[in-house]
Amino acid sequence: MSSKSVKITLPDGSLKSYIGPITAIDVAREISEGLARNVLAARVNDQVVDATRIIDADATLELLTWNDQDGKSTMWHSSAHLMAEALEALYPGVKLGIGPAIDAGFYYDVDFGDRPFDGDQLVLIENKMLELARQKNDFKRADISKTAAIEYFQRKGDEYKLELIDGLADGTITFYSQGNFTDLCRGPHIPNTGFIKAIKILNIAGAYWRGDEKRKQLTRLYGISFLKQKDLSEYLELLEEAKRRDHRKIGQELGLFTFSKKVGKGLPLWLPKGAILRERLENFLRKAQVKAGYDPVVTPHIGSKELYVTSGHYEKYGQDSFQPIRTPAADEEFLLKPMNCPHHCEIYKSQPRSYKELPVRYAEFGTVYRYEQSGELHGLTRVRGFTQDDAHIFCRPDQVKEEFAKVIDLTLYVLKALGFPEFTVQVSLRDPENPQKYIGSDADWNRAESEIQEVAAEKGLKTVVETGEAAFYGPKLDFMVRDAIGRKWQLGTIQVDYNLPQRFELEYVGSDNLKHRPVMIHRAPFGSLERFIAILIENTAGNFPLWLAPDQVAILPISEKYHDYAQQLFLDLQEKDIRGFIDHRDEKIGKKIRDAEVKKIPFMLIVGEKEQSEEKISIRAHGKGDLGTLSLIDFLETFQKEAFRDL
RNA sequence: GCCGACGUAGCUCAGGGGUAGAGCGUUUCCUUGGUAAGGAAGAGGUCGUGGGUUCAAUUCCCAUCGUUGGCUCCA
């Protein structure tokens, strides 16, 4: 190898010269030994590579450690290889699918053949991995010809790897080895297995080979690893905390909703406390929508099959949906509505429209029913009957962008008022590979897709583009959030649709006295009440903002001698539309306070001898403790200030 | 829908081939109390459902329903 001069530019702009060839580790070592010990990978000319890769030309270099997501990913990807090595050692003959790093950790898809596999074996695998990690085996990269690669995996009898190799071009194939394990892999990897100090295999699940439900299902082992045992403990603690926030758990503890096998799976039953929460949210949005120029409409829960044949829903989802409802009349069929838009289209059509009255905005809290796959049902986030905060805006083509922008404002207002700090805005476009999944012309799609992106850009939204995520009738702007266990869900959605107006032959008379076709915008800021509330529960851990809390106050008499005073107070508060109850139980005040705290009730109003004689109330705020003694008037002021803080 | 796990009192869970147990909650009684659990007694379960094996099944096996972790799907 020639020893020519290599100039390295570091992220801070500093320039270093070496007599090459060198590696990222060499550069790190020159800065400090400590840094060199912590380098997991390197970004050389914007490409993430092994920290041990030779750099033999001038380059920009960023040293990646645990503090960089790419550093973590490299470590986790290497951990997947380590797990594969452990699996081969423990279960000779296992076949391996793919084993990538994910947002938090890694997985490997494996085929155990006929061997039974259960969760008890996870600890064995972890221990084997740790044993192998301690050997500090180097990850070695090797370029390999396609023929040699095929030969290797043919000898090994791993048809999955052979299939992967089949899709690769000769000359681009690399193998990575550590210890006794060699894998087809693009890399990069950490320098050696010794970095992996703490490992947890989190769960096992089935996963179709190459994501295709028609192909064999492999066993997917999910794991995570860390440089320090302490980091693993903290991570596991975080998972525990997430479980405590789970809306299914809190929903039951606070008596918000339930399910019944007899009613049917995926059909939530809202309990009184949950129903109040829902009602508050609905009223909040109703008020905002009146201001934004929406008109409420109400439509039935079913519609004739014809309606959905017209909309295209029947063709698209008819087989996978609740099946038609029949009547005593022959050939008469109705469908439970899976969407409100067809009904709203018919409302639009109920009278001739002039360009002067557009846009019209029809809003409805519409309950819809979709036969979701049984394996998909999950708490309130994925159910078979749910209520959309739906509305359809019918406008002229020249109004689309302005209307779309207004809906973005409304959605952002809703998310802000409810304290959703973390969401991503996703532009969901059609999948160019699968045009048969969509209805309508390319021209309309192109137009709708660019309108969405233009408005999002004008609004300054940072968006992520996802192709293939559009609805079958149009592209969407989706507001995505994560739940307590890290799953991504769509909440709010705004969609531009040129297709349904056409299918329903919607028209308006323009200023030219000719008939024109309106454009539809579908939108739902919450998405569905069910899912929105699920996420709200997890975000707040059940500590709802005062204006939403099902019980806003708990009146706690010190003893039954003060029940009359408590009753009077209760009536006074009810007069002011404040929700609450009196804890009449024969319990000590400490117990009543504890129970009210556990129920996360915002204000505890304690009344005893002192309060009764002074006509006052002692206030205790949830999670904050004693706020002292106030008159009713002063308390109301405190209360109102808190209640309207976010609105 | 597919693969795996789970299903015992209202809730959280322990147990295990010989017809069940704890804590919390609930009921009654005592207690009338001052900012996160006062005391006592009682009630409450055909161990998800249906088959099978067995002298005997809640326990073992099979099926089914439900829940659940993923995969696939998501108007």
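Throughout, a chain's letter reflects where its sequence line sits, starting with A, and its residues are numbered from 1.
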Between protein and nucleic acid, restricted to nucleotides 7-9 of chain B and to nitrogen or oxygen atoms under 3.5 Å apart, what atom pairs and distances do you find?
none

So A:Y222, base contact, sugar-phosphate only, or nothing? Heavy-atom distance under 4.0 Å.
sugar-phosphate
When we call it a touch if two heavy atoms are under 4.0 Å apart, what does A:Y473 touch: a base, just sugar-phosphate, or nothing?
sugar-phosphate
For A:H378, which contact category applies under a 4.0 Å heavy-atom criterion: base, sugar-phosphate, or nothing?
sugar-phosphate
Residue list, side-chain contact (heavy atoms from CB on, under 4.5 Å) with A:R210, at least two apart or on another chain
A:E163, A:L164, A:R215
Side-chain donor-acceptor pairs of residues 474-482 of chain A under 3.5 Å, sequence neighbours excluded:
residue: A:K476; atom: NZ; partner: A:D478; partner atom: OD2; Å: 3.3
residue: A:K476; atom: NZ; partner: A:Q490; partner atom: OE1; Å: 3.0
residue: A:D478; atom: OD1; partner: A:T493; partner atom: OG1; Å: 2.7
residue: A:D478; atom: OD2; partner: A:S428; partner atom: OG; Å: 2.8
residue: A:R482; atom: NH1; partner: A:G486; partner atom: O; Å: 2.7
residue: A:R482; atom: NH2; partner: A:D103; partner atom: OD2; Å: 3.3

ring-ring contact (aromatic ring centres under 6.0 Å, His included) partners of A:Y235, counting only residues at least two apart
A:F226
Taking only residues two or more places apart in sequence or in another chain, which ones pass salt bridge (charged side-chain N to carboxylate O under 4.0 Å, His left out) with A:E126?
none
List for me each residue that meets salt bridge (charged side-chain N to carboxylate O under 4.0 Å, His left out) alongside A:K95, sequence neighbours excluded, and say none if there are none.
A:E159
Could you go through nucleotides 11-14 of chain B and list every protein N or O atom that sits under 3.5 Å from one of its N or O atoms, giving the distance for each pair?
residue: B:C11; atom: O3'; partner: A:Q252; partner atom: OE1; Å: 3.0
residue: B:U12; atom: OP1; partner: A:Q252; partner atom: OE1; Å: 3.3

Please name all residues satisfying ring-ring contact (aromatic ring centres under 6.0 Å, His included) with A:H301, sequence neighbours left out, ordered by chain then number.
none
In 5'-to-3' order, the base (B), backbone-only (S) or no-contact (-) status of each nucleotide in nucleotides 34-47 of chain B, using a 4.0 angstrom heavy-atom cut-off, is BBBBB---------
By the 4.0 Å heavy-atom rule, please label A:R531 as base, sugar-phosphate, or nothing.
nothing
Between B:G70, B:G1, B:A75, which one does the side chain of A:Q217 approach most closely?
B:G70
A:K561 side chain, from C-beta outward: closest of B:G33, B:A75, B:G1
B:G33
Considering residues at least two apart in sequence or located in another chain, which fulfil the side-chain contact (heavy atoms from CB on, under 4.5 Å) criterion with A:K265?
A:S374, A:L377, A:R384
Base of B:A75 and ring of A:Y317 stacked, centres under 5.5 Å, planes under 30°:
yes
Sorted by chain and residue number, the salt bridge (charged side-chain N to carboxylate O under 4.0 Å, His left out) partners of A:E609 (sequence neighbours excluded) come out as none
Is the phosphate of B:C3, meaning OP1 or OP2, less than 4.0 Å from a side-chain N or O of A:T219?
no
Taking Watson-Crick (N1-N3 plus N6-O4 or O6-N4) and G-U wobble (N1-O2, O6-N3), each under 3.5 Å, can you produce the dot-bracket string of RNA chain B? Use [ ] for crossing pairs and | for inter-strand ones.
(((((((..((((....[..)))).(((((.......))))).....(((((..]....))))))))))))....
Is a donor-acceptor pair below 3.5 Å formed from side chain A:R220 to base B:C3, judging by atom type as modelled?
no
Have a look at A:R384 and say if it touches a base, only the backbone sugar-phosphate, or nothing, with a 4.0 Å heavy-atom cut-off.
nothing
Minimum heavy-atom separation for A:C395 and A:I521, please, with both atom names.
SG-CD1, 4.5 Å
Under 4.0 angstrom, heavy atoms only, what part of the nucleic acid is A:G255 near: base, sugar-phosphate, or nothing?
nothing
Identified side chain to side chain donor-acceptor pair (under 3.5 Å) partner of A:D246 from the options A:K249, A:R244, A:R248:
A:R248
